[in-house]
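Have a look at the structure below before the remarks.
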Number of protein chains: 2
Amino acid sequence: MSIQTRRERERAERERLIVTAARELAETEGWDAVTTRRLAAEIEYSQPVLYSHFKGKDAIMAAVALEGFAELAAQLRAARADASGVRAGLAAVGEVYTAFARRRPALYDAMFTHTVALPFATTEAPAVLWECFDELSAAVAPVAAPGDEPGILTETYWAGLHGLVTLMRSGRLPEEAHERRLKLLIGHFAAGAD
Amino acid sequence: MSIQTRRERERAERERLIVTAARELAETEGWDAVTTRRLAAEIEYSQPVLYSHFKGKDAIMAAVALEGFAELAAQLRAARADASGVRAGLAAVGEVYTAFARRRPALYDAMFTHTVALPFATTEAPAVLWECFDELSAAVAPVAAPGDEPGILTETYWAGLHGLVTLMRSGRLPEEAHERRLKLLIGHFAAGAD
DNA sequence: TCATGTTGTCTAGCATCGCTAGGAACATGA
DNA sequence: TCATGTTCCTAGCGATGCTAGACAACATGA
């Protein structure tokens with residue numbers, strides 16, 4: 001039994017090694033540089049080892065994405081805790097969200113643009129994913145008008161943030177005016193609050 | 001001279017053949033199905049012919065994207081012409097924009113998510129691209145508050161629309177509630193108009 | 001201690017991708 | 001009719017994600 005557990009522990013450690021190596025490589029050189037050969041070399045094992053842990057490259061990206069969701073959820077929570085007032089809370093999560101996307105573009109891509117393997121918006125979605133959404137929701141719900149559905153409103157605000165960062169990241173919106181755009185978005189969603 | 005012009009005409013025709021074949025293939029089977037080999041077979045020429053017209057696959061996607069911009073601009077213009085009132089105009093372009101993205105997902109991807117080869121948000125951006133933005137801008141500018149910059153506000157509204165369609169397309173937002181989300185977005189940007 | 005069977009890992013290779021070099025085939029003009 | 005110049009295709013390069021099958025290491029029984 002002890003041998004078995006040791007092996008399982010070593011396997012788990014190697015799995016983490018794979019995920020962190022993939023993440024570091026993606027963050028420093030972009031996801032294009034994360035090839036299975038390169039990743040295998042990085043962890044000092046051969047390619048097939050990757051496939052004994054993950055179904056494929058997409059699954060590795062999904063694992064990296066999960067790390068990202070956990071971190072984003074924590075940052076959103078902290079931002080909301082520091083903010084006093086409805087409008088301040090809405091602004092805080094918006095700023096933290098877009099700052100996260102700009103600081104960790106590769107991570108953000110894995111979470112919100114690239115992978116499709118993860119279930120979203122269903123009860124089967126991973127917990128960390130719901131934590132992120134719930135944090136957003138906690139900041140957005142207070143600005144809902146009487147007839148508004150809070151969940152739908154949260155999705156809409158999220159879409160606004162997502163649109164800002166993805167269009168900026170692909171060079172379609174100039175970086176320089178980001179703060180002003182974000183301020184306008186927040187302003188239009190917080191109208192009448194506080 | 002006549003022979004020369006005939007050749008140039010034939011070349012231009014073949015270039016259009018490439019672009020339309022790429023577009024049809026992308027729209028029916030997705031961009032993953034648009035390989036250079038497949039595309040060459042479709043136009044009944046060999047692969048290298050593609051490279052005598054375009055620098056690479058990205059350039060072909062960019063050419064397809066330009067078609068999309070022209071069509072989107074026309075649809076936005078028509079929608080705005082039919083709408084009476086500031087709020088109706090804002091709603092009309094929002095509906096047409098998202099409907100376009102949902103009806104032609106491959107085209108939308110080429111225009112707004114995939115390619116980076118096209119210059120955006122600079123004076124060198126192609127004319128059809130500016131036409132799209134100007135149509136949006138014409139609908140958005142009237143709802144700007146006294147201190148708002150119309151261009152920045154347009155970008156923000158555009159980002160909202162873009163976020164809605166991309167998150168929906170990747171399965172991160174359920175299709176079913178799209179109309180309600182769009183309505184909320186429009187409502188928050190049109191607050192106080194009309 | 002040694003044969004055995006399982007477990008784990010690696011080497012080698014498949015199909016496919018975007019892209020390109022170099023030569024064959026063709027139309028053109030003398 | 002024959003050289004010339006253009007156009008196009010065959011063949012192949014270096015990658016990619018992924019996998020089959022050989023091989024080595026190891027725990028386990030006698």
Side-chain angles (χ1 to χ4, degrees), chain A residues 1-19 21-23 25-26 28-65 106 109-110 113-118, chain B residues 1-19 21-23 25-26 29-65 106 109-110 114-118:
Chain A
M1 180 66 87
S2 167
I3 288 173
Q4 196 71 358
T5 58
R6 191 209 67 206
R7 286 193 168 163
E8 284 173 10
R9 190 179 62 239
E10 286 174 355
R11 249 192 91 78
E13 282 170 9
R14 196 173 58 181
E15 191 156 315
R16 285 224 44 83
L17 190 64
I18 293 171
V19 175
R23 173 175 174 171
L25 206 46
T28 54
E29 304 185 36
W31 280 108
D32 282 351
V34 186
T35 69
T36 55
R37 282 169 179 77
R38 179 81 183 274
L39 193 51
E42 211 74 34
I43 64 169
E44 295 178 313
Y45 281 93
S46 67
Q47 274 180 287
V49 168
L50 301 174
Y51 293 88
S52 75
H53 286 273
F54 299 96
K55 194 179 176 186
K57 189 183 170 180
D58 283 355
I60 297 176
M61 290 185 68
V64 173
D109 274 355
T113 70
H114 212 306
T115 217
V116 189
L118 290 173
Chain B
M1 178 66 88
S2 168
I3 288 174
Q4 196 71 356
T5 58
R6 191 209 67 204
R7 284 192 171 162
E8 283 173 11
R9 191 180 61 238
E10 285 173 355
R11 247 191 93 77
E13 281 169 10
R14 196 172 60 179
E15 190 155 316
R16 285 225 42 84
L17 190 64
I18 293 172
V19 175
R23 174 176 173 170
L25 206 47
E29 304 184 35
W31 280 108
D32 282 350
V34 186
T35 69
T36 55
R37 282 169 179 81
R38 179 79 184 277
L39 193 51
E42 211 75 35
I43 64 169
E44 296 178 311
Y45 281 94
S46 68
Q47 274 181 288
V49 168
L50 301 174
Y51 294 88
S52 74
H53 286 273
F54 298 96
K55 194 179 175 187
K57 188 183 171 180
D58 283 355
I60 298 177
M61 290 187 67
V64 173
D109 275 355
H114 212 305
T115 218
V116 190
L118 290 173

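Proteins come first, then strands; the chains are lettered A, B, ... in the order of their sequence lines, and each starts at number 1. Atoms considered below: every heavy atom in the structure, side chains included; atoms not considered: hydrogens, waters and symmetry mates.
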If pairing requires Watson-Crick or G-U wobble contacts with both distances under 3.5 Å, which nucleotide is the partner of D/dA24? C/dT7

A/W31 CH2 to D/dT16 P, straight-line distance once rounded to whole Å: 15 Å

For B/L50 and D/dT7, what is the distance between atoms CG and C1' respectively, to the nearest whole Å? 15 Å

Nearest-Å distance for atom pair CZ/C1', residues A/R11 and C/dT7: 11 Å

Please check if atom NE2 in B/H114 has more than 12 non-hydrogen atoms from other residues, nucleotides or ligands closer than 6.0 Å. no

So, using side chain to side chain contact (heavy atoms under 4.5 Å, CB included) as the criterion, who are the partners of B/A33 when residues are at least two apart? B/E29, B/R38

Extract from the structure each pairing of a protein N or O with an N or O of nucleotides 18-24 of chain D at less than 3.5 Å, listing the distance.
{"residue": "D/dC18", "atom": "OP2", "partner": "A/Y51", "partner atom": "OH", "Å": "2.9"}
{"residue": "D/dC18", "atom": "OP2", "partner": "A/K57", "partner atom": "N", "Å": "2.8"}
{"residue": "D/dC18", "atom": "O5'", "partner": "A/Y51", "partner atom": "OH", "Å": "3.3"}
{"residue": "D/dC18", "atom": "N4", "partner": "A/Q47", "partner atom": "OE1", "Å": "3.0"}
{"residue": "D/dC18", "atom": "N4", "partner": "A/Q47", "partner atom": "NE2", "Å": "3.0"}

Side chain to side chain contact (heavy atoms under 4.5 Å, CB included) filter on A/R16, not counting sequence neighbours, yields A/T20, A/E67

Check whether any side-chain heavy atom of B/S52 lies under 4.5 Å from a side-chain heavy atom of B/R14, and answer yes or no. yes

Could you state the atom-to-atom distance from CD of A/E10 to P of D/dA25 in whole Å? 16 Å

Which pair of non-hydrogen atoms, one from B/H53 and one from B/I18, has the smallest distance, and what is that distance? CD2-CD1, 3.7 Å

Measure CZ/A/R38 against P/D/dT16 and give the value in whole Å, please. 10 Å

So what does B/S46 hit on the nucleic acid, given a heavy-atom distance under 4.0 Å: a base, only sugar-phosphate, or nothing? base

Decide yes or no for B/Y51 and B/T36: does some side-chain heavy atom of the first lie under 4.5 Å from some side-chain heavy atom of the second? yes

How long is the line joining CD1 of B/I18 and C1' of C/dG18, in whole Å? 15 Å

First encountered from the 5' end of DNA chain D, between B/Y45 and A/V34: B/Y45

Strictly by Watson-Crick or wobble contacts shorter than 3.5 Å, is anything paired with C/dA30, and which nucleotide is it? D/dT1

Report the distance from atom NE2 of A/H53 to atom C1' of C/dC10, rounded to the nearest whole Å. 14 Å

Spacing between B/L39 atom CG and C/dT16 atom C1', to the nearest angstrom: 16 Å

Over all strands shown, is B/R14 touching base, sugar-phosphate only, or nothing at heavy-atom distances under 4.0 angstrom? sugar-phosphate

Here the pair of heavy atoms bringing A/W31 nearest to A/A106 is NE1-O, 2.9 Å

